[in-house]
Q: 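My questions all concern the structure below.
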Amino acid sequence: LAHGPRDIGARLRRLGGRVRREGDMSCFTQPMQWQVRYLISGLSKKNYKSSVSELHSLINTTGSRVFFLRALIDETQLQDAKHGGVGGREQLKLQLLQNELRERENSETDFAVCLLATLEESRRDAGLQEDFLSHFCKVGKISLKAQLALALATLKSANETTRREGAKFFKAKLKEYASAGRGSPLPESLLHDLLITLRMPEFDEVLEEKDRESHFKQLIDMHPTVDWSTGVLAGVASQQRKLAKLETHHRVADVDLVGRGISLADLLRDLCRGSSGADAAKEAARHAMAMFGAVG
């Protein structure tokens, strides 16, 4: 099932608590934490396979994959990797981090939300800067679709710095995706979350209205094979088409609604169907009423 932007905030709070609990050793005994960090810091070409095997055995036994990712991030010299200055042991740590990120991205539905909670905890609640997020994604070889999901998660972070810097990251990733063309379709759940986010009034400060409208249309145009009549995306494209017919008019009196086959009831139904949750549906209805002006 798709999760709306408000659901992302709830998941972040839940996973943030999980990261902190594992970080304070309540889910992972101190000797095992030492062992994990020792194995990561002592990686070499000679012991790489055996050390990674032992690490995975420890993680599978304790179920503490969050701590493992946190330890990998802490132990890897990310700043050196930015300048291509890693080699030897540091290169092996980076390789292990990249492999772990790729495996989780392919297997975990909450990958982006969990990654954000882990990154914020590793920065000691100082918040995440846009350049750090961009650099980490580049060094970690994180796919663009996962970066878009991560960007969405930053917008609902409890940390003000992460939200502010995440807005810049969000805009950059939307632009990057738009330039990639139609060859990179997004999962329908992620596409749904992006479209709903671009329609939510609280993100007015993230993107100007004209930019949000442009990105909304681009995302729809870049998915020509998507069935917009069913599933989580039902009503979203219909909403865009109908609103596009009204974009040059400010009042309902200026538009021949009957001639165009559009009714306020139809528009309200499509808007609410494409909204996630009661609050989002209520906001969508308010937006539709505003588009039609004073009715009756």
Side-chain angles (χ1 to χ4, degrees), residues 11-129 132-133 135-143 146-147 149-150 153-154 157-159 162:
R11 282 182 287 161
L12 266 175
R13 290 190 293 274
R14 189 166 61 249
L15 284 168
R18 174 181 160 197
V19 170
R20 285 189 289 276
R21 285 196 302 275
E22 294 193 3
D24 67 12
M25 305 180 188
S26 63
C27 295
F28 210 63
T29 64
Q30 191 172 21
M32 286 189 178
Q33 286 202 28
W34 290 340
Q35 180 69 0
V36 166
R37 292 189 181 276
Y38 172 78
L39 289 170
I40 294 174
S41 63
L43 285 174
S44 67
K45 289 184 178 180
K46 186 176 181 179
N47 69 18
Y48 184 83
K49 288 185 178 180
S50 61
S51 294
V52 171
S53 177
E54 185 174 351
L55 281 165
H56 285 159
S57 178
L58 281 170
I59 301 311
N60 291 335
T61 299
T62 61
S64 187
R65 298 190 70 189
V66 173
F67 173 77
F68 180 38
L69 182 57
R70 164 73 188 276
L72 269 174
I73 292 172
D74 288 345
E75 295 291 333
T76 303
Q77 299 297 319
L78 297 173
Q79 190 61 31
D80 291 341
K82 182 176 182 179
H83 305 290
V86 297
R89 186 164 294 172
E90 292 304 321
Q91 181 60 45
L92 293 173
K93 293 179 188 176
L94 181 58
Q95 178 182 325
L96 180 56
L97 175 62
Q98 291 168 343
N99 291 341
E100 184 69 14
L101 290 170
R102 181 172 60 252
E103 180 184 338
R104 294 189 184 208
E105 180 184 330
N106 293 331
S107 63
E108 297 180 359
T109 56
D110 266 335
F111 168 72
V113 177
C114 186
L115 176 59
L116 178 63
T118 304
L119 287 173
E120 286 191 311
E121 181 66 16
S122 73
R123 305 298 282 185
R124 306 297 191 275
D125 297 323
L128 304 174
Q129 300 290 325
F132 172 81
L133 288 166
H135 170 58
F136 182 86
C137 290
K138 181 178 180 180
V139 169
K141 296 184 177 180
I142 297 174
S143 72
Q147 292 183 56
L150 178 62
T154 63
S157 170
N159 187 288
T162 298

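No hydrogens, no waters, no symmetry mates; every other heavy atom, side chains included, goes into these values. What you are looking at is a predicted structure, and each value in this text was computed from that prediction instead of being measured.
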Q: Rounded to the nearest 0.5 Å, what's the gap from NZ on Lys138 to CG on Leu133? Could you check?
A: 15.0 Å

Q: Quick one: are Arg37 and Asp74 in side-chain contact, heavy atoms under 4.5 Å?
A: yes

Q: Out of curiosity, His56 NE2 to Thr61 OG1, how far, rounded to the nearest 0.5 Å?
A: 12.0 Å

Q: Return yes if some donor-acceptor pair links the side-chain N/O of Thr118 with the main-chain N/O of Cys114 below 3.5 Å, else return no.
A: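 Judged by distance alone, yes, a pair lies under 3.5 Å.
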
Q: Could you check if a side-chain atom of Val113 sits within less than 4.5 angstrom of a side-chain atom of Leu150, using non-hydrogen atoms only?
A: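 In short, these two side chains do not touch, never coming nearer than 4.5 Å.
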
Q: Between Ser41 and Lys93, which heavy-atom pair has the shortest distance, and what is it?
A: CA-CE, 3.8 Å

Q: By the definition side-chain hydrogen bond (donor to acceptor under 3.5 Å, both in side chains), identify the one residue from Thr162, Asn159, Thr154 that meets it with Glu120.
A: Thr162

Q: Closer than 3.5 angstrom, by distance alone: can the side chain of Arg89 be matched with the main-chain N or O of Leu43 as a donor-acceptor pair?
A: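 Indeed, once roles are kept as given, a pair shorter than 3.5 Å links the two residues.
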
Q: Looking at residues at least two apart in the chain, or sitting in another chain, which of them share a salt bridge (Lys or Arg N to Asp or Glu O under 4.0 Å) with Glu105?
A: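 Result, salt bridge (Lys or Arg N to Asp or Glu O under 4.0 Å) vs Glu105: none returned.
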
Q: What's the separation between atom CD in Glu90 and atom CD in Gln77, rounded to the nearest 0.5 Å?
A: 4.5 Å

Q: Would you indicate whether the side-chain heavy atoms of Arg123 and Phe132 approach each other to under 4.5 Å?
A: yes

Q: So do Ile142 and Phe136 actually touch side chain to side chain, heavy atoms under 4.5 Å?
A: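 Yes - at least one pair of side-chain heavy atoms lies under 4.5 Å apart.
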
Q: Which residue pairs pass the salt bridge (charged side-chain N to carboxylate O under 4.0 Å, His left out) test with at least one member in residues 46-58, sequence neighbours excluded?
A: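 Not a single pair qualifies under salt bridge (charged side-chain N to carboxylate O under 4.0 Å, His left out).
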
Q: Verify side chain to side chain donor-acceptor pair (under 3.5 Å) between Ser50 and Asn47, making sure each step is shown before the conclusion.
A: CA-CA 5 Å; Ser50 61; Asn47 69 18; 5.5 Å; no

Q: Between the main-chain N or O of Tyr48 and the side-chain N or O of Ser51, is there a donor-acceptor pair closer than 3.5 Å?
A: no

Q: Can you tell me how far CZ of Phe111 sits from CG of Leu116, rounded to the nearest 0.5 angstrom?
A: 11.0 Å

Q: Which distance, rounded to the nearest 0.5 Å, do you find between the CD of Glu100 and the CD of Gln95?
A: 13.0 Å

Q: Is Leu101 close to Leu115 at the side-chain level, that is, under 4.5 Å between some pair of heavy atoms?
A: yes

Q: Sequence neighbours excluded, which residues qualify as side chain to side chain donor-acceptor pair (under 3.5 Å) partners of Thr76?
A: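 With sequence neighbours excluded, Thr76 shows a side chain to side chain donor-acceptor pair (under 3.5 Å) to no residue whatsoever.
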
Q: From Leu39 CG over to Glu75 CD, what is the distance, rounded to the nearest 0.5 angstrom?
A: 11.0 Å

